[in-house]
**Student:** 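Once you've had a glance at the structure underneath, I'll fire off some questions.
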Amino acid sequence: MTQIIVLPHVELCPEGTVIEAAPGTSICDALLDNGIEIEHACEKSCACTTCHVIVREGFSSLAEAEEEEEDLLDKAWGLEPQSRLSCQAEVGDVALVVEIPRYTINMAREGKH
Ligand code: FES
């Protein structure tokens with residue numbers, strides 16, 4: 001199992017947490033399996049950006065993003081060089097530190113910030 005440190009997110013996990021996932025699991029599934037209800041508006045089919053996460057550590061251990069993912073990421077709220085769509089990024093065997101951005105594009109549009 002690979003460790004994932006999830007940094008605090010105001011609503012989804014206010015204190016932050018540490019979870020474990022089997023290599024090959026998507027980061028999105030790993031979060032959901034552990035009760036962290038990250039948005040996944042397109043049901044993990046790489047068609048939205050609501051599952052955006054920033055991989056603060058361990059980013060280079062992940063398989064590179066496909067073009068489709070990169071194109072979508074360009075539209076994500078708070079894009080950073082270590083951004084990934086969590087439904088597309090599979091956990092490897094290196095521990096990760098993951099940050100869930102404060103907003104998704106859905107929330108930003110609704111003006112909740
Ligand atoms: S859930 Fe839509 S791209 Fe990941």
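Basis for what follows: all heavy atoms, side chains included, without hydrogens, waters or symmetry-related copies. Every number for a ligand or one of its atoms is a count from 1 in the order of the listing. Here the structure is a predicted model, which means the values were calculated and not measured.
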**Student:** Taking atom types as modelled, is there a side-chain donor on Ser26 or Glu90 under 3.5 Å from an acceptor on the other?
**Tutor:**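 Glu90 and Ser26 do not have a side-chain donor-acceptor pair below 3.5 Å.
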**Student:** Quick one: does any side-chain atom of His9 pair with a main-chain N or O of Leu7 as donor and acceptor, under 3.5 Å?
**Tutor:**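 No, because the side chain of His9 does not come within donor-acceptor range (under 3.5 Å) of the backbone of Leu7.
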**Student:** Could you grab the protein N, O or S atoms closer than 2.8 Å to atom 4 (Fe) of ligand 1 for me?
**Tutor:**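 Within the sphere that stays under 2.8 Å of atom 4 (Fe) of ligand 1, the protein atoms of type N, O or S are Cys51 SG, Cys87 SG.
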**Student:** Does Thr50 reach the side chain of Leu85, with side-chain heavy atoms less than 4.5 Å apart?
**Tutor:**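 No, side chains not in contact.
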**Student:** May I ask you to check whether His52 and Ser86 show a side-chain donor-acceptor distance below 3.5 Å?
**Tutor:**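 No - no donor-acceptor pair under 3.5 Å links their side chains.
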**Student:** Testing the basics here: between Cys46 and Glu68, what is the closest heavy-atom pair and its distance to 0.1 Å?
**Tutor:**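 Where Cys46 meets Glu68 most closely, the heavy atoms are O-OE2, 4.1 Å.
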**Student:** Could you check Glu70 against Arg84 for salt bridge (Lys or Arg N to Asp or Glu O under 4.0 Å), going step by step and ending with a plain yes or no?
**Tutor:** CA-CA 8 Å; Glu70 296 282 4; Arg84 291 298 303 260; over 6 Å; no
